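Below is one structure, written out as structure tokens; the observations come after it.
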Number of protein chains: 2
Amino acid sequence: MRVKTLCLGALCLGDATGYDIKKLFENAFNHFHGASFGSIYPSLKKLEEQGHVSHRVEAGEKHPDRKLFHVTDEGRACFLSELAGTPASEQLRSESMVLLFFAHLLPTEILQQKLAEMETHYSEELNYLESLSECSNHTSGIDFTIGMGKSVLRAKLDYLHNHRKTLLASHRDLPDSPWNAGCEQNNQQAESSS
Amino acid sequence: MRVKTLCLGALCLGDATGYDIKKLFENAFNHFHGASFGSIYPSLKKLEEQGHVSHRVEAGEKHPDRKLFHVTDEGRACFLSELAGTPASEQLRSESMVLLFFAHLLPTEILQQKLAEMETHYSEELNYLESLSECSNHTSGIDFTIGMGKSVLRAKLDYLHNHRKTLLASHRDLPDSPWNAGCEQNNQQAESSS
DNA sequence: GGACTCATGTAAGCTGTTACATGATTTC
DNA sequence: GAAATCATGTAACAGCTTACATGAGTCC
């Protein structure tokens with residue numbers, strides 16, 4: 001689902017500035033969808049061109065001028081029909097799983113470090129979701145997404161605790177890998193062939 | 001993690017053609033990373049330009065000619081150092097969660113339909129992972145990723161079963177939404193402004 | 001004085017998807 | 001004869017991220 005649609009959805013919850021929407025993304029969508037300013041502002045622009053939102057400028061005394069966006073009836077109807085037409089699906093992008101998939105190629109200490117990182121991340125996200133669920137102004141749908149997120153994270157942490165030892169045990173006797181073979185240039189720029 | 005890196009990783013498991021790598025993605029990476037031909041072939045090309053892989057052509061009698069790729073020592077070292085330098089992280093893109101986040105805007109029957117879709121998807125993916133774990137040629141790392149995937153899916157299915165009724169119960173008394181307000185033109189082409 | 005938050009926006013570029021183009025062999 | 005599988009690749013485009021550019025107010 002595109003950021004444009006998500007912005008429209010955010011505005012269906014109440015008028016907001018681009019900045020507000022970014023915060024909503026961080027506070028509520030964070031565990032299942034990301035978005036940056038570089039996509040939010042252009043999205044709002046397009047939505048306005050299409051007549052799905054309008055805005056008024058609020059002159060600021062204590063803050064900079066802000067463009068407060070508002071969904072039009074057409075925009076609301078459009079969002080609803082898009083929602084209804086969106087199939088329920090999901091996609092994971094997990095570097096963690098890739099790392100574990102290739103665990104046999106990693107030295108034990110690095111593997112341990114990655115496992116520790118995973119636990120930290122999962123714990124932090126769980127804490128975050130727990131702090132979210134203490135806020136009380138949620139619809140039942142939002143509570144559902146938070147609850148689902150928490151259950152999934154608990155399952156991940158449990159799995160990690162229960163299987164980490166087994167993984168490390170069957171990992172021990174690796175041959176040393178050629179660590180220092182120079183290859184740092186791959187990550188960004190690289191070649192400029194046609 | 002980019003497809004290029006993943007291709008390099010795939011080749012660290014053994015020589016393969018682009019087509020083989022695509023199948024590996026479908027069979028093993030599927031639940032945590034996707035990739036299409038349109039990204040695999042160009043990746044292999046770049047890897048070869050960088051000297052990380054080489055290939056030989058296998059003339060086909062029973063199949064078309066195939067380019068069998070092979071990791072060079074440099075490529076292997078590069079992959080290992082990239083792996084070690086990759087922080088363990090993950091990102092979810094879930095239309096399902098978006099749908100539920102806005103559940104209060106959906107008519108009950110559509111919501112029920114989406115919940116049913118979610119269950120179907122989760123069940124299918126669980127079946128798929130269960131079929132994977134019956135294969136016996138896995139490293140312990142691969143088993144770990146499959147096991148983690150299964151645990152997460154079971155947690156999702158459990159949560160769905162335990163909370164679906166609550167969600168639907170608190171959903172009932174919605175006002176009718178303006179369904180038929182014409183807005184189908186938003187999905188693809190749209191305007192051609194400068 | 002410095003750092004942080006609020007606030008808006010643009011431009012370059014990376015990465016990947018979709019659709020197209022081609023064609024042999026095998027299976028039904 | 002049709003459909004599926006094997007096999008390789010390109011081109012157009014979509015979509016998003018990163019970094020840049022700017023500036024006021026507030027908190028320490």
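Note that the structure is a prediction, hence the values are computed from the model and not measured. Every chain is numbered from 1 and lettered A, B, ... according to where its sequence line falls, protein lines coming before strand lines.
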Checklist line | A:Phe144 and B:His163 aromatic ring geometry - parallel, tilted or perpendicular at 30°/60° bounds | finding: perpendicular
Notebook entry, point to check: 5'-most contact on DNA chain D: B:Leu68 or A:Ser43, nearest heavy atom basis?
Noted result: B:Leu68
Note to self: When you compare the side chain of B:Gln112 with that of B:Leu168, does any pair of heavy atoms fall below 4.5 Å?
What the structure shows: yes
Next item on the list: Applying side-chain contact (heavy atoms from CB on, under 4.5 Å), name anything that partners B:Asp15, two or more places apart in sequence or on another chain.
Entry: B:Arg56, B:Leu68, B:His70
Margin query: Output the rounded distance in Å from CZ (B:Arg2) to C1' (D:dT18).
Written below: 15 Å
Please tabulate the protein-to-nucleotide N/O contacts below 3.5 Å involving nucleotides 9-13 of chain D, giving atom names and distances.
residue	atom	partner	partner atom	Å
D:dG9	OP1	B:Lys67	NZ	2.8
D:dG9	OP2	B:Lys67	NZ	3.3
D:dT10	OP1	B:Lys45	NZ	3.2

Item checked: Sidechain N-carboxylate O distance under 4.0 Å for B:Arg154, B:Glu130 -> yes
Next item on the list: Rounded off to whole Å, could you give me the NE2-to-P distance for the A:His33 and D:dG15 pair?
Entry: 12 Å
Notebook entry, point to check: Taking only residues two or more places apart in sequence or in another chain, which ones pass salt bridge (charged side-chain N to carboxylate O under 4.0 Å, His left out) with A:Asp20?
Noted result: A:Arg66
Item checked: Length of the line joining A:Leu44:CG and C:dT10:P, which is rounded to integer Å -> 11 Å
Checklist line | Ionic contact status for A:Glu48 with A:Lys4, cut-off 4.0 Å | finding: no
Check: Over its full length, what angle do the end axes of the helix from C:dG1-D:dC28 to C:dC28-D:dG1 make, each axis taken from five pairs and the result rounded to 10 degrees?
Finding: 40°
Next item on the list: Using a cut-off of strictly less than 4.0 Å between a heavy atom of the residue and any atom of DNA chain C, enumerate the qualifying residues of residues 17-26 of chain A by number.
Entry: A:Thr17, A:Gly18, A:Tyr19
Notebook entry, point to check: D:dG15 phosphate, OP1 or OP2: any side-chain N/O from A:Ser39 under 4.0 angstrom?
Noted result: no
Notebook entry, point to check: Does A:Glu119 have any side-chain contact (heavy atoms from CB on, under 4.5 Å) partners at least two apart in sequence or in another chain, and if so, which?
Noted result: A:Ser123, A:Leu157, A:Leu160, A:His161, A:Arg164
Check: Quick one: salt bridge (charged side-chain N to carboxylate O under 4.0 Å, His left out) pairs with a partner in residues 96-108 of chain B, sequence neighbours left out?
Finding: none
Check: Given atom CG of B:Leu47 and atom P of C:dT15, what is their separation to the nearest angstrom?
Finding: 12 Å
Notebook entry, point to check: Among all residues two or more places apart in sequence or in another chain, which pass the salt bridge (charged side-chain N to carboxylate O under 4.0 Å, His left out) test with A:Glu90?
Noted result: B:Lys156
Note to self: Can you list everything that forms a side-chain contact (heavy atoms from CB on, under 4.5 Å) with A:Thr86? Sequence neighbours excluded, please.
What the structure shows: A:Met1, B:Glu95, B:Leu99
Check: Can you find a side chain N or O atom of A:Ser36 that sits less than 4.0 Å from OP1 or OP2 on D:dT17?
Finding: yes
Item checked: Partners passing side-chain hydrogen bond (donor to acceptor under 3.5 Å, both in side chains) against B:Lys67 (at least two apart in sequence or in another chain) -> none
Notebook entry, point to check: Quick one: A:Phe29 CZ to D:dC16 P, roughly how many Å, whole number?
Noted result: 13 Å
Check: For A:Lys22, what residues pass the salt bridge (charged side-chain N to carboxylate O under 4.0 Å, His left out) criterion, not counting sequence neighbours?
Finding: A:Glu26
Margin query: Using a 4.0 Å cut-off on heavy atoms, which residues in residues 89-99 of chain A reach DNA chain D? List them by number, or say none.
Written below: none
Note to self: Less than 4.0 angstrom from a charged side-chain N to a carboxylate O is my criterion; do A:Lys114 and A:Glu109 meet it?
What the structure shows: no
